[in-house]
Amino acid sequence: MYGNAAQQIDVQREMEQQPRRMPSNATRKNREKARHMNFGYLAFLVLAMCVAGYVLIHYIRLQADITTATEHIASQEKELNNLRVANDEELSRITSGVDMEEVKRVAIGVLGMVYPQEGQIITYSNEGQDYVRKVDEGN
């Protein structure tokens, strides 16, 4: 007690010396049931684990498919934007390179084209059709 070393305690002997309490009948029955699982309960647990595993694997696959589709859409949108920019630049280049006054001069002076007269203009209405066909009437 007065020394510098800790006292050695025999834990097993101390536990043996304590009086053992007897568990109640209900506790004993529950412990017995826990030790012995019947086949039906075990089959149910295995089936539940398989279903949960299948659902989780399917969910992860769907998530991967969604991620892949989102990345594909993003790349397609980027390509579309690049094509639009290139198209706008090409249109701007083409329209800036055309002198409409020169086109008018060549059409009237060289090719002999004239403006239409009052009776030569025909108007039409396009009611829900995708295209219009003009049939030559021999004029």
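The number of heavy-atom neighbours closer than 6.0 Å to CD of Gln63, taken from other residues, nucleotides and ligands shown, is above 12.
How far OG of Ser96 is from CG of Leu91: 9.5 Å, rounded to the nearest 0.5 Å. Taken to the nearest 0.5 Å, the CG atom of Leu62 stands 10.5 Å off from the OG1 atom of Thr67. To the nearest 0.5 Å, the span separating CD on Glu118 from CD on Gln120 amounts to 10.0 Å.
A search for side chain to side chain contact (heavy atoms under 4.5 Å, CB included) contacts involving Tyr115 returns Lys104, Ile108, not counting sequence neighbours.
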For residues 70-83, which side-chain donor-acceptor pairs fall under 3.5 Å, sequence neighbours excluded?
unit_1	atom_1	unit_2	atom_2	d
Thr70	OG1	Ile66	O	2.7
Ser75	OG	His72	O	2.8
Asn81	ND2	Glu77	O	3.4
Asn82	ND2	Lys78	O	3.4

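Proximity of a side-chain donor or acceptor of Thr68 to a complementary backbone N or O of Ala64 within less than 3.5 Å is detected.
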